[in-house]
Engineer: 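Got a structure here, written out as structure tokens. Questions coming.
Quick caveat, the model's predicted, so the values are computed rather than measured. Lettering follows sequence order; numbering is per chain, from 1.
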There are 2 protein chains.
Amino acid sequence: MSHTLGIRQAQKQKTRQAFLDAALALLEEQSLSSLGLREVTRAVGVAPTAFYRHFRSTADLGVALVDEALGSLHPMVRTTVATAGAERITRAVRLISDHVAAHPAHVRFIARERHGGVQPVREAIRDQLARFAEEVGAELAKDPEAEGWSEDDLLMLAHLYVDQMLITASLFLETLESPEPSEAERERVARIAARQMRLISLGRQHWLD
Amino acid sequence: MSHTLGIRQAQKQKTRQAFLDAALALLEEQSLSSLGLREVTRAVGVAPTAFYRHFRSTADLGVALVDEALGSLHPMVRTTVATAGAERITRAVRLISDHVAAHPAHVRFIARERHGGVQPVREAIRDQLARFAEEVGAELAKDPEAEGWSEDDLLMLAHLYVDQMLITASLFLETLESPEPSEAERERVARIAARQMRLISLGRQHWLD
DNA sequence: AATTCCGGAGAACAGTTGTTAACTGGATGA
DNA sequence: TCATCCAGTTAACAACTGTTCTCCGGAATT
């Protein structure tokens with residue numbers, strides 16, 4: 001049952017999205033704690049006071065951006081990790097590479113604000129990453145290699161993988177930021193990331209020795 | 001041959017250090033790209049224009065902070081990694097834990113600005129971390145387990161360790177930031193970090209299989 | 001002893017910031 | 001049809017920003 005929005009609410013969501021888009025663009029060259037309210041409204045093309053109709057503060061906007069950047073990514077990560085065998089690493093690296101290429105500003109925002117100067121945003125990102133770790137852990141538990149593993153150890157391993165994914169995403173980003181983004185450079189990062197994940201997987205296989 | 005500084009240069013270095021200290025304190029609750037020049041001078045207790053006698057801009061000050069935070073850490077990391085056997089991981093975790101406890105603001109600054117909004121600072125941090133990776137790689141090469149390893153693979157492993165150290169440092173930091181910092185919480189982080197490093201070491205031992 | 005140097009102070013500049021209050025006009029619901 | 005709602009506007013506020021130029025007084029140099 002999809003409820004058709006009134007033309008009023010539709011317009012509101014439209015300008016709200018315009019706020020998110022404009023902020024994300026501005027955040028490519030600064031961090032959230034220096035993002036001004038007027039700066040955003042100027043970029044959108046509305047009066048400064050219009051901002052308050054959508055967000056309490058720029059920190060509030062930042063939390064909304066976290067949801068936009070990570071919210072829809074959970075199913076993708078889940079199905080990718082669900083892949084069995086050696087293919088899993090290949091697909092994971094490709095997922096990251098493609099996602100960074102498709103949404104570089106989102107990735108930059110998350111990497112930047114994960115340890116940034118705005119507490120509510122840091123917390124929102126931390127919660128989302130913890131969710132990723134739990135989901136990855138749940139998928140890893142289905143592997144035959146997970147036999148004999150404690151819940152704690154599985155979560156430790158899952159966090160290792162999630163952190164590694166974020167580091168890899170950040171490296172792909174630097175690849176795009178370089179003055180002459182070359183496919184060769186991207187491939188180099190992909191190969192290093194794959195080898196690091198393979199090394200971690202090897203450690204996992206011999207954990208119970 | 002230690003050259004005694006004139007009372008003029010000595011005074012200059014003193015206020016310069018005051019700038020660094022004040023900035024570091026202010027950066028506990030914001031990021032560098034929102035740090036104002038007047039804000040810093042006000043905290044130091046000097047006129048705004050005095051700032052220019054020491055730094056071109058706040059970005060310049062940030063680069064100086066990177067050197068202060070990471071510059072003197074290289075020998076410590078080197079000797080810690082030089083430790084052989086199972087003791088290496090224990091010492092590494094303790095080094096990180098102690099360093100975070102002793103210089104929390106420095107660690108926070110590095111974690112925050114590594115992906116922050118100020119390019120020159122990002123580059124300075126990236127260069128320093130690359131140096132750490134090279135040094136760690138050089139120490140790892142001395143291990144008997146390094147036999148048959150390519151230069152590339154050693155560097156890949158070293159980067160994995162360095163990134164892992166930074167993640168661990170950041171987790172120790174969160175431990176201190178909690179409303180009621182408990183020794184139990186710190187110990188929990190230490191145990192997880194040690195297990196993650198042990199898992200990586202296991203992967204290393206079976207890499208050439 | 002006389003001169004140069006230079007870290008810091010003071011005042012002023014135009015431009016920016018977040019937030020408030022009162023208002024407008026088209027969509028909404030009775 | 002008419003009263004209500006509400007996203008966005010306009011105007012104004014005090015407070016703040018980075019930067020320039022001019023000046024001072026003590027250290028450094030000759």
Engineer: How is the base pairing of DNA chain D summarised as a dot-bracket string, given the Watson-Crick and G-U wobble criteria with both distances under 3.5 Å, [ ] for crossing and | for another strand?
Structural biologist: ||||||||||||.||||.||||||||||||
Engineer: Does D/dA7 have its OP1 or OP2 closer than 4.0 Å to a side-chain nitrogen or oxygen of A/T15?
Structural biologist: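 It does not, given that no N or O in the side chain of A/T15 lies less than 4.0 Å from OP1 or OP2 of D/dA7.
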Engineer: May I have the distance from A/Q9 (atom CD) to C/dG26 (atom C1'), rounded to whole angstrom?
Structural biologist: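 Taking atom C1' of C/dG26 as the reference, CD of A/Q9 is at 15 Å.
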Engineer: State which residues pass side-chain contact (heavy atoms from CB on, under 4.5 Å) with B/D152; sequence neighbours excluded, sorted by chain then number.
Structural biologist: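 For B/D152, the residues satisfying side-chain contact (heavy atoms from CB on, under 4.5 Å) (neighbours in sequence not counted) are A/R195, B/S150.
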Engineer: Measure the distance from CD on B/E39 to C1' on D/dG18 and round it to the nearest whole Å.
Structural biologist: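 My rounded result for the distance is 13 Å.
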Engineer: To the nearest angstrom, how far is B/Q17 atom CD from C/dG7 atom P?
Structural biologist: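 Distance check: B/Q17 CD to C/dG7 P gives 17 Å.
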Engineer: Rounding to a whole Å, what distance do you find between A/H54:NE2 and D/dC6:P?
Structural biologist: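 Interatomic distance, NE2 of A/H54 to P of D/dC6: 13 Å.
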Engineer: Could you check if a side-chain atom of A/D143 sits within less than 4.5 angstrom of a side-chain atom of A/R204, using non-hydrogen atoms only?
Structural biologist: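 The answer is yes; the side chains approach within 4.5 Å.
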Engineer: Find the distance B/R53:CZ to D/dC21:P and express it as a whole number of Å.
Structural biologist: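 That distance rounds to 13 Å.
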Engineer: Output the distance between atom CZ (B/F172) and atom CD (B/E177), rounded to the nearest 0.5 Å.
Structural biologist: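 These two atoms lie 14.0 Å from each other.
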Engineer: From CZ of A/R38 over to P of D/dT9, roughly how many Å is that when rounded to an integer?
Structural biologist: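 The answer, rounded to whole Å, is 13 Å.
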Engineer: Starting from the 5' end of DNA chain D, give me the residue, B/R42 or B/I7, whose nearest nucleotide shows up first.
Structural biologist: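 Looking at DNA chain D, the more 5' nearest nucleotide goes with B/R42.
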Engineer: Rounding to an integer number of Å, can you tell me how far A/L37 CG sits from D/dC16 P?
Structural biologist: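 Taking atom P of D/dC16 as the reference, CG of A/L37 is at 18 Å.
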Engineer: Scan B/S57 against the nucleic acid and name what it touches under 4.0 Å (heavy atoms): base, sugar-phosphate only, or nothing.
Structural biologist: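 It contacts nothing in the nucleic acid.
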Engineer: For B/E87, check side-chain contact (heavy atoms from CB on, under 4.5 Å) against everything at least two apart and list the hits.
Structural biologist: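 So B/E87 forms a side-chain contact (heavy atoms from CB on, under 4.5 Å) with B/T83, B/R91.
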Engineer: Does a side-chain N-to-carboxylate-O contact under 4.0 Å join B/R191 and B/E187?
Structural biologist: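 Answer for the salt bridge query: no.
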Engineer: How are the rings of B/F19 and B/F51 set relative to one another: parallel (under 30°), tilted (30 to 60°) or perpendicular (over 60°)?
Structural biologist: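 Correct class here is perpendicular.
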Engineer: Say you draw a straight line from NE2 of B/H54 to CZ of B/R16; how long is it, rounded to the nearest 0.5 Å?
Structural biologist: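 Rounded to the nearest 0.5 Å, the NE2-CZ separation comes to 8.5 Å.
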Engineer: With DNA chain D as reference, determine whether A/P48 or B/T49 sits nearer its 5' end, using the nearest nucleotide of each.
Structural biologist: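 Looking at DNA chain D, the more 5' nearest nucleotide goes with A/P48.
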Engineer: What about B/R8, does its side chain sit under 3.5 Å from the base of C/dC6 through a donor-acceptor pair?
Structural biologist: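 Indeed, a donor on one side and an acceptor on the other fall under 3.5 Å apart.
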Engineer: Taking for each residue the nucleotide of DNA chain C bearing the nearest heavy atom, is the 5' side occupied by A/R56 or by B/A50?
Structural biologist: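 Upstream on the strand: B/A50.
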Engineer: Under 4.0 Å, heavy atoms only, any strand: does B/Y52 hit a base, just the sugar-phosphate, or nothing?
Structural biologist: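 Base, at least one base heavy atom under 4.0 Å.
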Engineer: Would you mind reading off the distance between A/F51 atom CZ and C/dT19 atom P, rounded to a whole angstrom?
Structural biologist: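 Taking CZ of A/F51 and P of C/dT19, I get 9 Å after rounding.
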